[in-house]
Number of protein chains: 2
Amino acid sequence: MADNVVEQDNGSRLQRSIISRPTMADVARLSGFSAMTVSRALKDGASVSAKTRERILEVIEEIGYVPDLSAGGLSSKRSGFVTALVPTINNSNFSDTACGLTDALSKRGLQLLLGYTDYSAAREEELVAAMLRRRPEGMILTGGFHTPRARHLLDSAAIPIIETWDLPDNPIDQVVGFSNAEAIGAMVRDLTARGYRNIGFIGGSSKRDTRGADRRAGYEAAMAELGLGEGHVITFGTPPISMEQGGQAIVQMIGQWPEVDAVICVSDLSAFGAIMECHRRGWAVPGRIAVAGFGDFEVSRCCWPSITTVTVNSYDIGRQAGELLLATLDKIRSGAEIRPATQKIDFKVVVREST
Amino acid sequence: MADNVVEQDNGSRLQRSIISRPTMADVARLSGFSAMTVSRALKDGASVSAKTRERILEVIEEIGYVPDLSAGGLSSKRSGFVTALVPTINNSNFSDTACGLTDALSKRGLQLLLGYTDYSAAREEELVAAMLRRRPEGMILTGGFHTPRARHLLDSAAIPIIETWDLPDNPIDQVVGFSNAEAIGAMVRDLTARGYRNIGFIGGSSKRDTRGADRRAGYEAAMAELGLGEGHVITFGTPPISMEQGGQAIVQMIGQWPEVDAVICVSDLSAFGAIMECHRRGWAVPGRIAVAGFGDFEVSRCCWPSITTVTVNSYDIGRQAGELLLATLDKIRSGAEIRPATQKIDFKVVVREST
DNA sequence: GCGACATTTGTTACCGGTAACATATAGCGG
DNA sequence: CCGCTATATGTTACCGGTAACAAATGTCGC
């Protein structure tokens with residue numbers, strides 16, 4: 001695919017505007033007030049007469065002044081943003097969480113700066129270091145596993161940290177999450193109650209996806225607890241989880257353990273891939289084999305058969321984390337006592353056609 | 001769902017560290033060098049003796065100094081980041097573009113700051129304003145439609161702007177995209193070549209998704225050109241496009257025009273929803289009706305029947321936009337002439353089982 | 001019309017770095 | 001061992017705002 005480059009003729013915007021952008025001093029000079037008054041006019045709640053503010057805003061509009069937040073932040077020691085790190089942005093669970101965060105934080109004028117770690121603790125470490133250089137007022141992380149250096153950086157950052165989507169054994173600070181192991185345990189119990197006895201599990205082979213690993217552990221624990229044997233686990237490659245992996249895994253599962261009558265997949269995406277592969281091969285779902293997923297993705301609601309899954313209010317994880325962060329910032333400012341706490345988020349097994 | 005709050009007992013990290021973070025001056029004092037030398041030690045390519053740098057890095061490590069980029073940027077007039085605005089992050093097309101951008105930009109140490117507009121020009125305007133206050137070195141936009149105020153802000157920003165995923169009639173600056181109308185035209189021709197004659201189109205009713213509107217226009221143009229009549233269009237609600245909407249739309253399509261033998265959907269997501277609804281109702285795809293989508297999402301490759309679609313290298317849009325931005329920044333710095341250009345990205349109709 | 005107080009505006013210093021220029025030190029050929 | 005150049009380091013000013021305090025102006029009751 002050779003690229004097709006077409007010249008345009010709209011002049012050169014950039015060369016026209018070599019002159020540097022107007023600053024607050026320019027506004028001050030042109031309006032006849034001091035820079036400080038201009039600064040106040042832009043901040044609501046400051047004491048500036050209506051007339052003055054009006055005049056200043058006029059000048060601002062006229063010369064197209066745009067305040068520089070990094071200069072302001074340098075002086076006021078408030079950067080005005082919060083960082084969130086998620087494994088991947090292309091996953092409705094995490095993007096919903098990001099939306100919840102944005103909504104909660106924007107109420108107080110805080111911006112969200114998003115980074116994605118690609119499920120890699122090393123990249124998380126890099127991002128933590130890179131983000132801290134911009135002095136976020138708080139940080140939201142996904143999961144409880146971090147490199148020692150990342151943890152050290154976070155520990156000395158002196159800003160509120162919230163870990164989400166998990167219940168870490170040794171939390172840094174605050175937590176908004178749930179137990180992935182328990183959630184899968186609930187799914188195992190639900191399948192058992194419906195009469196399935198030979199329940200398998202399909203998940204990633206890597207430990208990079210720690211929530212995936214927790215889910216597998218939850219499966220194994222529940223199987224043992226219910227006296228259903230050691231279980232049958234098929235693993236596939238590294239995250240992010242793909243649909244295709246689910247398809248391959250279920251073929252392997254049935255090949256290896258034909259007696260398996262139900263499979264729990266680490267994610268709806270792999271469950272979907274598994275179900276589609278079953279269609280292709282003429283294996284009825286749930287007649288020949290039942291399939292359940294995790295995460296309540298849109299595809300599970302919409303596909304046929306619709307997929308039994310564990311639903312978690314992803315948006316709410318973000319919203320609650322955002323609100324907790326705001327509350328913590330308030331406490332820091334007011335000098336109130338900060339008590340690290342864990343907010344547990346509820347999950348629920350949603351039974352659909354696939355089981 | 002009541003939230004379950006559990007107190008923890010890990011001490012209060014935040015209250016311990018009220019003391020302000022170390023600055024470059026602290027490093028300077030402790031290492032016995034001047035702040036400027038510390039600054040140079042942290043910048044590669046600067047003339048600092050190996051011994052000095054080593055000593056300085058030692059101190060930095062010891063006291064946990066983290067440089068403040070906003071202070072540095074204020075002085076050097078280089079913020080070190082670029083902003084990209086996408087309609088939504090929860091769409092593999094745009095998130096792939098974001099990955100391509102990240103990869104291209106990180107080669108030169110630029111960070112990507114992502115914002116999502118929710119397909120709203122008003123929110124785009126807000127984001128443009130908010131982002132410009134942080135002085136990005138460039139900005140990547142999705143599509144060519146912006147509010148007048150957003151356009152004005154961008155025009156006076158004096159930074160390179162790249163519009164993507166579209167070929168705007170009146171571009172701001174540089175463009176990396178393709179014609180959505182042409183792409184759908186190619187799909188109409190492909191279906192025609194396969195013998196389909198009554199081709200319908202399913203898309204959003206809102207103009208917010210301008211790429212969606214372009215695709216519809218491309219459909220209508222191609223139908224007229226091929227003498228296939230005015231076509232049959234069913235619209236559903238506002239973006240983001242959901243799978244469910246596709247399911248509802250195809251039922252309406254068949255109800256209204258039973259003679260339709262093929263449907264093009266504005267996105268693979270709605271195509272998928274449509275196909276699943278057909279399954280449910282026992283309408284064979286493509287026997288009773290053929291269904292095509294747009295965007296080559298994973299679900300189309302994996303589902304059964306797999307979905308005929310238009311594939312665009314989303315990652316490459318990002319990568320190329322990133323590289324173009326870097327090249328433009330170089331030109332600005334070297335004073336070379338900047339010629340706004342449009343880089344056309346290729347698209348391709350991928351025929352699969354659903355047609 | 002005066003003093004007490006509230007409101008509005010100005011001044012100065014500083015946030016934490018880096019550019020630009022000045023100066024000190026090292027390396028090196030003759 | 002000198003003088004020249006290259007390299008290493010220091011000094012000063014400034015980037016664009018805001019905090020903190022000072023000063024001026026306005027308001028109001030008596």
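Residue numbers begin at 1 in each chain, while the letters A, B, ... track the order of the sequences. The shown structure was predicted, so the numbers you read here are calculated from the model rather than taken from an experiment.
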query: Using a heavy-atom cut-off of 4.0 Å to chain A, what are the terminal contacting nucleotides of DNA chain C, in 5' to 3' order?
result: C/dT8 to C/dG16
message: Once side-chain contact (heavy atoms from CB on, under 4.5 Å) is applied, do any residues pair with A/T210, and if so which ones, sequence neighbours excluded?
response: A/F145, A/D166
Close N or O pairs between protein and nucleotides 6-10 of chain D (under 3.5 Å):
residue	atom	partner	partner atom	Å
D/dT9	OP1	B/T52	OG1	2.5
D/dT9	OP2	B/S49	N	3.0
D/dT9	OP2	B/T52	OG1	3.3
D/dG10	OP2	B/S34	N	2.8
D/dG10	OP2	B/S34	OG	2.9
D/dG10	OP2	B/T37	OG1	2.7
D/dG10	N7	B/R40	NH2	2.7
D/dG10	O6	B/R40	NH1	3.3
D/dG10	O6	B/R40	NH2	3.3

field: B/F94: partners by ring pair (Phe, Tyr, Trp, His ring centres under 6.0 Å), with sequence neighbours left out
entry: B/W165
message: Going by side-chain hydrogen bond (donor to acceptor under 3.5 Å, both in side chains), A/H146 matches just one of A/E124, A/E125, A/H152, A/R151. Which one?
response: A/E124
- prompt: Would you call B/D330 and B/R108 a salt bridge, taking side-chain N to carboxylate O under 4.0 Å as the test?
  reply: yes
query: Can A/R55 and A/E58 be counted as an ion pair, charged N to O under 4.0 angstrom?
result: yes
message: Just by distance, no angles: are the side chains of A/T117 and A/S120 close enough, under 3.5 Å, to form a donor-acceptor pair?
response: no
side-chain hydrogen bond (donor to acceptor under 3.5 Å, both in side chains) partners for B/T52, two or more places apart: B/S49
field: Any residue meeting side-chain hydrogen bond (donor to acceptor under 3.5 Å, both in side chains) with B/R40, in chain and number order, not counting sequence neighbours
entry: none
statement: the helix from C/dG1-D/dC30 to C/dG30-D/dC1: angle between terminal helix axes, five bp per end, to the nearest 10 degrees, reads 30°
- line: By side-chain contact (heavy atoms from CB on, under 4.5 Å), B/A71 pairs with (sequence neighbours left out) A/L74, B/D68
message: Does anything in residues 24-37 of chain B form a salt bridge (Lys or Arg N to Asp or Glu O under 4.0 Å)? List the pairs, not counting sequence neighbours.
response: B/D26-B/R29
With sequence neighbours excluded, residues passing side-chain hydrogen bond (donor to acceptor under 3.5 Å, both in side chains) with A/S79: none
task: For B/Y116, enumerate each residue passing the ring pair (Phe, Tyr, Trp, His ring centres under 6.0 Å) test, keeping only those at least two apart in sequence or located in another chain.
output: none
- request: For DNA chain D, determine which residues of residues 64-75 of chain B have any heavy atom closer than 4.0 angstrom to one of its atoms, and list them numerically.
  value: B/L74, B/S75
